A.B. asks: 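One structure follows; several queries about it will come next.
Since we're looking at a predicted model, the values are computed, not measured. One-based numbering along the sequence shown. Each ligand, and each atom within it, is numbered from 1 in the order the structure gives.
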Amino acid sequence: MAAELILDARNATGESPVWNAQEQALYWVDIPARRLHRWSPQDLSATSWEAPEMLACIACYGDGSWLAGMESGLFRIQPQHNGTLATELLSSVQHATETMRFNDGRCDRQGRFWAGTMLMDMSKAATVGSVYRYSAGQTEQLTAQLTDMIVPNGLGFSPDGKIMYLSDSHPSVQKIWAFDYDTDTGTPHNRRLFVDMTQYPGRPDGAAVDADGCYWICGNDEGQIHRFTPAGKLDRSLAVPVKKPAMCAFGGANLDTLYVTSIRPGGDISDQPLAGGVFALQPGVQGLEEPLFKG
Ligand SMILES: O=C1O[C@H](CS(=O)(=O)O)[C@@H](O)[C@H](O)[C@H]1O
């Protein structure tokens, strides 16, 4: 099955694709470009808005505004007609060190937002990354729920919400873990290895869980999207025509299209001219509607 290029976006780091069911449109971000993007399959229109800081992960409020993990904290953002984003700080984050930002994030099935932080320069392999949970109405500062990460990534939740997935993309780690997840309190426990990605092509990047409870993970650097069963067994791998797929999300009218964002690295990319593009795959399985942030 061929991946279809839906937008030659040339994103430096295209991340956090989210299907907005209400608008029937795909949103995502380009982290270093500080842009929120929108693409509509109905009229093929592409729009983008400039953020005041790098933004890395988003969750839909359902009223046109978004929760976004940026450099200095979590913000509510609202696209404006002039191409900017109105921003309201929800909760600032006390990073372990300077030059950090949020990275991968998404809501659990109850609508709490989870997101990890990493050094902006990930070549420094310091375990200063943390994973935070943010609930509606939370007034106290964010406190780390999980620490000692380098590049937290691949957050996902099983269809019943009772398993949480998390990975670390750094070349020195490349592991995906599963946790039992208490849906009442939003607490992960019983951390165990789900997949050792050093055994498969590509570093683990962003992920999506489908309606069968299988975990789709982008294999960054190797142009692969892998589907793992809930038991952690590789079910299949799909190719995209770029080396660095970054995150995937189910969307489309029947939630049966897998959208994939990607990274356009510096240097010679003559062998992957579509790098940074957004792709659509028809994998023959359905996804789940992305939970709204219960703000
Ligand atoms: O900035 C990011 O970097 C890495 C991808 S890469 O190592 O630069 O190829 C990615 O894992 C992460 O999610 C992203 O935010």
A.B. asks: If you count the atoms of ligand 1 from 1 in the order shown, which ones are under 4.0 Å from a heavy atom of Arg203?
C.D. replies: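 So the answer, numbered in order with elements, is 6 (S), 7 (O), 9 (O).
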
A.B. asks: For ligand 1, which part of Ile263 has a heavy atom less than 4.0 Å away: the side chain, the backbone, both, or neither?
C.D. replies: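 Answer for Ile263: side chain.
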
A.B. asks: Could you tell me if any non-hydrogen atom of Met120 lies under 4.0 Å from any atom of ligand 1?
C.D. replies: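 Heavy atoms of Met120 never come under 4.0 Å of ligand 1.
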
A.B. asks: Look at ligand 1 and say whether Ile31 reaches it with a heavy atom at a distance under 4.0 Å.
C.D. replies: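 Ile31 counts as a contact of ligand 1 under the 4.0 Å cut-off.
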
A.B. asks: Do Tyr165 and Val209 come within less than 4.5 Å of each other through their side chains, counting heavy atoms only?
C.D. replies: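 Yes; the side chains approach each other to less than 4.5 Å.
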
A.B. asks: Between Asp8 and Arg10 (salt bridge meaning N to carboxylate O under 4.0 Å), is one present in this structure?
C.D. replies: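 A salt bridge links Asp8 with Arg10.
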
A.B. asks: Any chance the rings of Tyr200 and Phe228 have centres within less than 6.0 Å?
C.D. replies: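 Yes - the distance between ring centres of Tyr200 and Phe228 falls below the 6.0 Å cut-off.
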
A.B. asks: Go through ligand 1 atom by atom and flag the ones less than 4.0 Å from a non-hydrogen atom of Asn153.
C.D. replies: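 This gives 10 (C), 11 (O), 12 (C), 13 (O) as the contact atoms.
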
A.B. asks: Between Asp221 and Arg203, is there a side-chain N and carboxylate O pair less than 4.0 Å apart?
C.D. replies: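 A salt bridge links Asp221 with Arg203.
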
A.B. asks: Salt bridge between Arg34 and Glu50, side-chain N to carboxylate O under 4.0 Å?
C.D. replies: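 No.
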
A.B. asks: Which atoms from ligand 1 have a heavy atom of Ser169 less than 4.0 Å away?
C.D. replies: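 Every atom of ligand 1 under 4.0 Å from some heavy atom of Ser169: 11 (O).
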
A.B. asks: For atom 3 (O) of ligand 1, grab the closest protein heavy atom and report residue, atom and distance to one decimal in Å.
C.D. replies: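 Atom 3 (O) of ligand 1 sits closest to the protein heavy atom Met122 SD, 3.6 Å.
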
A.B. asks: May I ask you to decide whether Asp108 forms a salt bridge with Arg133, counting only side-chain N to carboxylate O separations under 4.0 Å?
C.D. replies: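 No, no charged N to carboxylate O under 4.0 Å.
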
A.B. asks: What protein heavy atom sits nearest atom 9 (O) of ligand 1, and how far off is it?
C.D. replies: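 Nearest neighbour among protein heavy atoms for atom 9 (O) of ligand 1, to 0.1 Å: Lys244 NZ, 2.6 Å.
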
A.B. asks: Starting from atom 5 (C) of ligand 1, what is the nearest protein heavy atom, named by residue and atom, and what distance separates them?
C.D. replies: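 Going atom by atom, the protein heavy atom closest to atom 5 (C) of ligand 1 ends up being Asn220 ND2, 3.3 Å.
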
A.B. asks: Could you tell me whether Asp180 and Arg192 make a salt bridge, using a distance below 4.0 angstrom between a side-chain N and a carboxylate O?
C.D. replies: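 Salt bridge flag = yes for Arg192 with Asp180.
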
A.B. asks: Under 4.0 Å from ligand 1, counting heavy atoms only, is it the side chain of Met247, its backbone, both or neither?
C.D. replies: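 The answer is neither.
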
A.B. asks: Give yes if a backbone or side-chain nitrogen or oxygen of Arg101 is under 3.5 Å from a nitrogen or oxygen of ligand 1, and no if not.
C.D. replies: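 In this structure, Arg101 places an N or O atom under 3.5 Å from an N or O of ligand 1.
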
A.B. asks: For atom 15 (O) of ligand 1, find the nearest protein heavy atom and state the residue, atom name and distance (0.1 Å precision).
C.D. replies: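 Of every protein heavy atom, Asn103 OD1, 2.4 Å lies nearest to atom 15 (O) of ligand 1.
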
A.B. asks: Minimum heavy-atom separation for Pro152 to Asp104, with atom names?
C.D. replies: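 For Pro152 and Asp104, the tightest heavy-atom pair comes out as O-CB, 3.9 Å.
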
A.B. asks: Between Asp212 and Arg227, does any NZ, NE, NH1 or NH2 come within less than 4.0 Å of an OD or OE carboxylate oxygen?
C.D. replies: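 Looking at Arg227 and Asp212, the cut-off is met.
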
A.B. asks: N/O of Asp205 under 3.5 Å from N/O of ligand 1, yes or no?
C.D. replies: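 By distance alone, the answer is yes.
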
A.B. asks: Mind checking whether Met54 contacts ligand 1 via backbone (N, CA, C, O), side chain (CB onward), both or neither, at a 4.0 Å heavy-atom cut-off?
C.D. replies: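 Within the 4.0 Å criterion, Met54 makes no contact with ligand 1.
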
